[in-house]
Structures are given as structure tokens and as C-alpha cells.
Colleague: 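This is the structure I want to talk about, given as C-alpha cells.
Chain letters run A, B, ... following the sequence lines, proteins first, then strands; residues in each count from 1. Side-chain atoms are counted along with the backbone in the values below, which use heavy atoms only and exclude waters and symmetry mates.
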Amino acid sequence: MYPEDQLIPISALQHWLYCPRQCALIHVERVWVENRFTAEGRVMHARAHDGPDESRQGVRITRGLPVRSLRLGLSGECDVVEFHAGGRILPVEYKRGKPKAHRADEVQLCAQALCLEEMRGATISGGCLYYGERRRRTEIAFDEELRELAATTAAAVHGCFADGITPSAEYEARRCDACSLLDLCQPRSLRFRRGAAAWFNQRLRTSLSEEP
Amino acid sequence: MKRHLNTLFVTLEGSYLRKDGAAVEIRHEGETKLRVPLHNLEGIACFGWDIGASAALLAACAEAGVALSFHTPHGKFLAATRGFTSGNIHLRREQYRRADDEPSSVAIAANMLAAKLANSRQVIMRAARDHGGKSPERAAALGQAADLIAVRIGLLGRATTLDSLRGIEGDAASIYFAAFPHLLVNHDPAVGISGRSRRPPLDPVNALLSFLYTLLMHDCRGALESCGLDPQCGFLHRDRPGRPSLALDLMEEFRAFLADRVALTLINRQQITSSDFHTGESGAVLLKEDSRKQVLVAWQERKQDEISHPFLDERVTVGMLPHLQARLLARHLRGDLDAYPAFLAK
Ligand code: SF4
């Protein structure tokens, strides 16, 4: 059980799965640069969060519901949670763009559900991701594998927060070019990471070998 | 990363800076003199005793990460404003730990000083190439100074204490400043230098250098602040209340490449002559009010020059160098880099 003051934001899981270094830069070093993608994402979230609660056809829709799990040490907000008449609880998360190869979005949604389960003593079997580009819902089942992935990711992020060490990362075009922290992170220059001492000495020797 | 954005220098006494939407507006005697969007700025440096700023602007600068600083009319740093301390506490703790550990401090300081000496040697060799041909005497003096400095760079690599580093550096600095008169060509003969004097500067060249070093210090300090390092906790310069020791450390590698070269250009093109200085009763020499503006312009122009960053291998503006080096230093402290790759000019 984590004490309340050690809860980490659910969004950190998604950042971690995208790139552990990105997660540490945002949450441990607290650098943050907004780019077009994150700005669009924020606007979309504001829309999803801001609307009033509504009820229709036996479904109560709640927006911006704060949740937490002391077991996993997480806290955050659900975009939308539908409470169906039969007792079914369905979290829905709005995403810009389209479904991605990595499981970050699924893990985020599942982590929200795990929080809700803990707070309400309920069981939530699945949720929905709504992708802006496709304009339709993708159903996600919270199976054992996904629950496990959410839990191990939460543990990994807690470990990183505790040591305060930013993992290093190699440049990977597909991932880094879309990353809002690219300019700050400068992953390309990390190729020198082990060799800064050697580089400096070599460069100094070259500089000294120049005759007046 | 921040783009290389300009620093806005305000030198007009009686100016009042206020927030106007997302811009800073400079008012003087009831008139708007200038309006600049804050996101186009990395710093605002005010030079004068009678320059004010509104609380709304201070807040907006803190929010936007714009370093707002106040200096005397002669460029001496007085105060800077900022919001709540942000940045990474882990990074700062590591900085303090390394500063408390002499071998770690020596490793970082040795690279900074090696770069400082190598860069001043480059300035000397450049002058030898450009002007040595005209005077064998000058060429010989410059060549000898370059060789002597090269020896000192070799010694730095073997030093194991901060005191020995400081000794070698002091020695190299006197060699460099002794050769400095040979770097002056076609200049107003009344603009000269004899050794380095700082408190106060005793000749025009020292007055000019001191002013430029203040500008450089401001940039280095802002760069360190902006990447979450504590500018007061240095590796080479030890703690002294009020002294921005790490900013002074970081300055070392840029003194010759940035400040000295601007000074030499201004003097050798006679853009600065003896009429730009006045000598006080004590013998202290100061740059005149109007001449400071000219130096600021030259400084800003120099910062627009593009070079290829030696370590990152990317095109950057000269003005961005302190920021990039501060970031590389943070990287080294975080363990991403096995050494601090100080800036070595070509
Ligand atoms: S630029 Fe690449 S390595 Fe750096 S944080 Fe982003 S994804 Fe990770």
C-alpha cells in the first residue's frame, strides 16, 4: 500500500511505456514542452472533461472523475465513465490520433479501471478507447495480461521516481521524432554518452597540435 | 529546448517595463518605446538605476522562464527575479554532492579550464595568422605565448587538486594577458592594456573586457538557472555568499571565444577609441554611457553568428552556447555523459 502523498499520476504510465526517459524528464525532472500534438490532446480532453454529467437510456455518464489506487500507488482522472443500469461500469478514454502499436493507451485505461475497482469494490471487465482520427470506439478487455502490465509498469515508474535517475535512451526515429521533448532530450547526442571523456581529450589534442 | 532567443537589453534610464498581453512593453515618459512578445525572449537585462517593472511582468517572466535581471549602468549585476524554484531537486543534490567531492570537482573544473586555455590559445594563433606576417616581433611573441599556454594545458590534465588547477590557470592567464598588446592592431594607440586589472579596471581594454564579462556572466547564469542548476554552487570557484560561482565556472570556456574576440574586433576596427572611456580620480577607467550601447550591439551581433557545435555536431548560434553547455553539464551530473565536454572552439 502506498501512502497518499506518494501516488503518481496515471499519465506517467503511458509516458513510461512510450519511453522511460520521456517519463522521467516530464515527471522527475519536470521539464515540459508543449507541442502541437499535446496541445491538441489537451483541447480534446478539456472537451471530454468539461461537459455536464448526463443520463440517457439507463446510462449515467460522468466526466473528469478523480480516482486513485493505494495498492498500485496511482491517481488520476477518468475522461468519461459510464454507469450502466445493470451495474456495468465502463471507462472511456479519448485519444487524439489512431490506435498505436504499443499498449500505452490500453494500460492507461486499465489503470483507471483498477483505481475504480479499488474505490468502489467493483469488478470492471473492460473499457473503451475513442480515437479522434477514426471517430469510433475500440473495446478493450481488461484481461489478466493487461492488468499485470499495468501493475508492473506502475511499479517500474515508482522505482524510477524513488531513485530520481533519468534513464538514458538511444535515438529512435519513429519514437523520438514524434516526441514533444525531442529538443530538450537531444537523444542523438547521447550517442556520445560513454565517450565524452575520450572525445574531449581527442579534441584537445587536435587543438594543441595546431601550430601558431 | 529553447530556441536561441534574444536577450532584450534596456539601457534607457527612466524606462518602465510592463506586461501588455503576452508582450513586454517599454514605456518612457508616457510613450511606448517598444513592444516585444515574451516568447521571443530568453532574457531581459536592465542597465540603469531608474528602471522599473510591473509585478504583472515579473510574474509573466517567471512563468515564461524569461530571466529578468537588473544591473548598474556599468553592467554590474544587482538582482534577478524568478518564480518559485523549479527544476529537478535530484539534479541539484547531485551538483552539491560533486561540489563537495574534490576529485569530482577537479574533473569538471579541469575540462572547463583546459577549454578556456585552448580557446585563448586559438585567439592568439588566429592573430598570429592574420597579422603575424607584418611583424616578425609580433609573430614571435604570439608563437611563444601559444607554446607556453599549450604546456599549461598539459599540466591541467595531471593536476589532482583544485588549488593546483587554480595555480596553473593563473599562470596561463598572465601569459595570455602579457601577449594581449600583440593582439591589438591598427588601433587607437591610446587604447592599451597592461596586464589584467578588474577591481577597478585601470586601462581602456580592461574596462571593455570587464563590461563584456558581465554580459557573459548574465548569459551563463540565466542558462544555468534555466536548466535547473544552482548558479551559486561552483566546482572551481568555491562558495562565497552572493557569488554566482557556477556561472563564473561556466564562463571560463567562453571568455576568449566570446568576450575577448568582440573586444578585439571593436578595438582593431576603431569602433571603440580612447574617447569612449573616461578616467576617474582614482585612475579607474570606465566605458562611457553611449559607448556601452555600441558594445551591446556588437555583443548581440556576435551572438547571432552560427557555428557548428563541436560536441553535438549541430549548427547553433553563438548565443546558444551557454545554454547548450549548461545542459551538457547537467547531463554529466545526471550520469548521461562520462565527462563534461567543455566548449572547445575551432
Ligand atoms: S526524444 Fe526520444 S529518447 Fe528522448 S524522451 Fe523523447 S522519445 Fe525518449
Colleague: Taking everything shown except A:Arg136 itself, do over 12 heavy atoms lie less than 6.0 Å from its CZ?
Modeller: no

Colleague: Measure up the A:Tyr130 and A:Tyr94 rings against each other and bin them: parallel (under 30°), tilted (30 to 60°), perpendicular (over 60°).
Modeller: tilted

Colleague: Are the aromatic rings of B:Phe180 and B:Phe177 close, with centres under 6.0 Å apart?
Modeller: yes

Colleague: Can you tell me if A:Arg147 has over 12 outside heavy atoms packed within less than 6.0 Å of its CZ?
Modeller: yes

Colleague: Report yes or no: does B:Asp249 contribute a side-chain atom to a donor-acceptor pair with the main-chain N or O of B:Leu236 at less than 3.5 Å?
Modeller: yes

Colleague: What part of B:Glu94 is in contact with chain A, defined as an atom under 4.5 angstrom from a non-hydrogen atom: side chain, backbone, both or neither?
Modeller: neither

Colleague: How would you list, in number order, the residues of residues 96-115 of chain B that have a heavy atom less than 4.5 Å from chain A?
Modeller: B:Asn111, B:Ala114, B:Ala115

Colleague: For B:Glu306, look at atom CD and say whether over 12 heavy atoms of other residues, nucleotides or ligands are found less than 6.0 Å away.
Modeller: yes

Colleague: State which residues pass side-chain contact (heavy atoms from CB on, under 4.5 Å) with A:Pro3; sequence neighbours excluded, sorted by chain then number.
Modeller: A:Asp5, A:Gln6

Colleague: Considering only heavy atoms, which portion of B:Ile153 lies under 4.5 Å from any heavy atom of chain A: side chain, backbone, both, or neither?
Modeller: side chain

